[in-house]
Amino acid sequence: MNDIAKNTLEMAVATALGAQLLNWTSDVHGNHSGWVKLGATAELLALAPLLADCGARLMTVTAYRNDKFGRLESDGHEIAYHFDLEGVVLTVSVCLPDDPPRVASITPWFKNADWNEREFAELYGIVLEDHPNPRRLFLDKGLDAAILNRLVPLSTMMNGASTTTLWEKVFAGKQLPEWAKGGNN
Amino acid sequence: MPSTTYTLPIGPLHVALEEPMYFDIQVEGETVRSVELSAGHVHRGMEALAMQRNYFQNVTLVERVCSLCSNSHPATYCMAVENLSGLIVPERARYLRVIADEVKRIASHLFNVGIMAHLTGFDSLFMHAMEVREIMQDAKEGVYGNRMNLGQCIIGGCRRDIDDSTAPFLLGQLELLKPQLHELYGVFERDPLIRTRTQGIGLLSHAEARRHAVVGPVARASGVAYDLRRKAPYAVYPDLDFEVQTDTKGDVHSRALLRLREAVESVKIVEQCLRQMPGGPINTREVPVIPPGEAVARSEAPRGEVFYYVRSDGTDTPQRLKWRVPTYMNWEALQVMLANCQVADIALIVNSIDPCISCTER
């Protein structure tokens with residue numbers, strides 16, 4: 001759709017990292033998505049200023065585990081940074097080192113990285129380097145750190161969110177069964 | 001901090017906020033000097049839930065991210081899954097998705113400007129705006145059976161057709177709406193109370209809008225002409241005639257007027273869809289195989305750009321499903337908009353970004 005933006009992003013990636021690192025896909029409407037895989041976080045710091053210079057906008061950041069429930073001891077984290085330039089999407093994925101997983105902040109070039117970085121830090125226990133305000137974003141400090149690094153069974157999640165109100169209405173005027181009292185939640 | 005400065009805590013529960021957010025505001029006299037936001041009071045852990053539900057169950061889950069943008073979420077999620085699986089949505093279904101999105105946009109924008117009238121103290125205008133909005137609420141109820149969550153989008157298309165009985169009904173509702181929308185725009189544009197309370201406050205310059213990467217009507221009212229329906233077209237928007245609304249004033253008043261103009265454009269879009277929509281199936285009637293891989297999709301929700309990223313490891317549940325709602329991008333720009341404003345204007349300025357807290361936190 002937007003060949004100028006596509007070429008600009010290609011130039012930025014080639015300048016920072018060399019050629020042949022960027023793959024393109026497109027949807028049925030011809031919207032382009034670029035995909036870059038980085039092996040080291042230092043490469044992210046080489047690319048970020050060039051993307052900022054060409055006017056790219058950070059849309060959001062997704063952190064994830066290769067094994068989503070953390071069942072494998074040393075199955076690492078990756079972070080996907082999603083940028084936009086005039087309708088063209090560029091996703092830059094970077095593998096993080098283990099023990100602890102850490103990554104440098106890109107807030108010097110993208111101000112709106114602030115909240116995104118704080119969010120993945122609290123969810124996955126990823127250490128932020130040189131972040132201007134590295135406190136938690138959404139989760140209270142009384143809650144467990146890095147909650148998405150481990151399996152919390154769906155039944156546990158749902159029990160935690162349930163109340164006995166429904167069953168009290170169902171059994172209105174009758175004896176509430178033991179199982180409906182929520183004592184095991 | 002000088003002794004003339006004091007802290008004004010607003011929230012997390014406050015009459016001016018529909019949802020809980022905490023603002024730690026430093027005030028000097030009646031003037032705001034700095035703002036610190038604390039979020040997290042309605043965090044629901046939805047992304048964790050999404051990784052434990054299969055791709056089809058997640059359609060229902062994401063429709064509950066946000067009530068006012070509730071069609072944009074399943075529509076964009078489905079587009080991401082369709083991009084990943086290579087599923088081609090029938091053309092009629094793409095029209096039906098646009099109709100649902102635009103009907104929701106009209107209702108959402110009218111809600112926001114109605115609340116703005118309430119916050120200025122003009123309660124009869126608030127009630128009138130909500131009455132006008134009720135025309136679209138009735139349209140949703142009549143066509144989809146629900147007033148908020150339409151349940152229209154499924155992977156591969158839509159659940160419900162618009163047929164010979166519902167299409168004339170929807171057109172009739174639009175006919176009812178058009179003169180009322182026109183009249184409402186005139187009141188918001190010219191009423192002295194509205195103008196006094198909303199013009200020149202909550203200013204966000206073009207440069208600050210770019211620096212904070214704000215989206216949606218907040219960006220467009222500051223001269224950033226970015227609308228995904230034109231920038232990265234999807235569904236059938238390339239075949240539709242409408243104008244992207246922009247302004248350069250970047251204040252509370254211009255954001256409200258821009259939303260009303262967008263509602264007028266949405267009416268035109270729905271009318272075109274009902275005229276142009278071809279016959280044919282409304283979904284693919286197949287259960288797609290979701291291969292390992294990753295895909296993205298975006299759409300222009302009432303509040304701005306919605307972004308979905310889906311990553312599959314080849315099982316029936318996503319390895320990761322991430323979405324970013326428009327309001328997420330707009331919160332921090334409030335520090336610019338609220339700087340040096342009067343305490344009495346805080347609620348009006350916060351409302352002008354059309355804040356959605358529970359969808360920000362998910």
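Note that the coordinates shown come from a computational prediction; the quantities given were computed from them, not determined experimentally. Below, chain A is the first sequence line, B the second, and so on; all start at residue 1.
For B/R320, the part sitting under 4.5 Å from any heavy atom of chain A is the side chain, from C-beta outward, and nothing else. B/V215 touches chain A through its side chain: at least one heavy atom from C-beta onward sits under 4.5 Å away, while N, CA, C and O do not. Both the backbone and the side chain of A/L137 come within less than 4.5 Å of a heavy atom in chain B. Using a 4.5 Å cut-off between heavy atoms, B/M51 contacts chain A through both its backbone and its side chain. Heavy-atom distances place no part of A/A5 under 4.5 Å from chain B, backbone and side chain included. If you measure heavy-atom distances from B/R44 to chain A, you find no contacts under 4.5 Å at all. With a 4.5 Å cut-off on non-hydrogen atoms, A/D140 does not touch chain B at all. Heavy atoms of B/Y309 lying under 4.5 Å from chain A belong exclusively to its side chain. In this structure, chain A has heavy atoms under 4.5 Å from both the backbone and the side chain of B/T317. Using a 4.5 Å cut-off between heavy atoms, A/R135 contacts chain B through its side chain alone, with no backbone atom that close. For B/E332, the part sitting under 4.5 Å from any heavy atom of chain A is the side chain, from C-beta outward, and nothing else. Proximity to chain B is limited to the side chain of A/T91, based on heavy atoms less than 4.5 angstrom apart. With a 4.5 angstrom heavy-atom cutoff, A/E78 touches chain B only via side-chain atoms.
Atom CD of A/Q20 has 12 or fewer heavy atoms from other residues, nucleotides or ligands within 6.0 Å. No more than 12 heavy atoms of other residues, nucleotides or ligands sit less than 6.0 Å from atom CZ of B/R210. In A/D130, the CG atom is not crowded: 12 or fewer heavy atoms of neighbouring residues, nucleotides or ligands sit closer than 6.0 Å. More than 12 non-hydrogen atoms from other residues, nucleotides or ligands lie less than 6.0 angstrom from CD of B/Q57.
Counting only distance, with no hydrogens or angles, the side chain of A/E86 and the backbone of B/K231 share no donor-acceptor pair below 3.5 Å. Side-chain atoms of B/R324 come within 3.5 Å of backbone N or O of A/M59 as a donor-acceptor pair. Side chain of B/Q319 to backbone of A/R65: a donor-acceptor contact under 3.5 angstrom is found.
Annotation for A/L148 and B/A48: closest pair CD2-CB, 3.7 Å, computed over non-hydrogen atoms. Pairing each heavy atom of B/A232 with each of A/G87, the nearest pair is CB-O, 3.7 Å.
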Chi angles and distances behind the side chain to side chain donor-acceptor pair (under 3.5 Å) call for B/Y226, A/D84: CA-CA 11 Å; B/Y226 196 102; A/D84 164 84; 2.7 Å; yes
Steps toward side chain to side chain donor-acceptor pair (under 3.5 Å) verdict (B/Y328, A/E119): CA-CA 11 Å; B/Y328 196 104; A/E119 187 177 349; 2.7 Å; yes
Trace of the side chain to side chain contact (heavy atoms under 4.5 Å, CB included) decision for B/R362 with A/F138: CA-CA 10 Å; B/R362 294 150 279 134; A/F138 293 136; 3.7 Å; yes
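Rounding to the nearest 0.5 angstrom, the gap separating the CZ atom in B/F307 from the OG1 atom in A/T62 is 6.0 Å. The CG atom of B/L84 sits 13.0 Å away from atom CG of A/D27, with the distance rounded to the nearest 0.5 Å. Annotation: the span from B/K322 atom NZ to A/Y64 atom OH amounts to 12.5 Å, rounded to 0.5 Å.
Most heavy-atom pairs under 4.5 Å with chain A, from the set B/P238, B/A333, B/A39, B/A297: that is B/A39. Contacts with chain B were tallied for A/N112, A/I147, A/L123; A/N112 has the most, counting heavy-atom pairs under 4.5 Å. Ranked by heavy-atom pairs under 4.5 Å with chain A, the list B/E82, B/H43, B/R298 is led by B/R298. When each of B/M79, B/E47, B/E294 is checked for heavy-atom pairs under 4.5 Å with chain A, B/E294 comes out on top.
Counting only heavy atoms from C-beta outward, the side chains of B/V224 and A/R57 never approach each other to under 4.5 Å.
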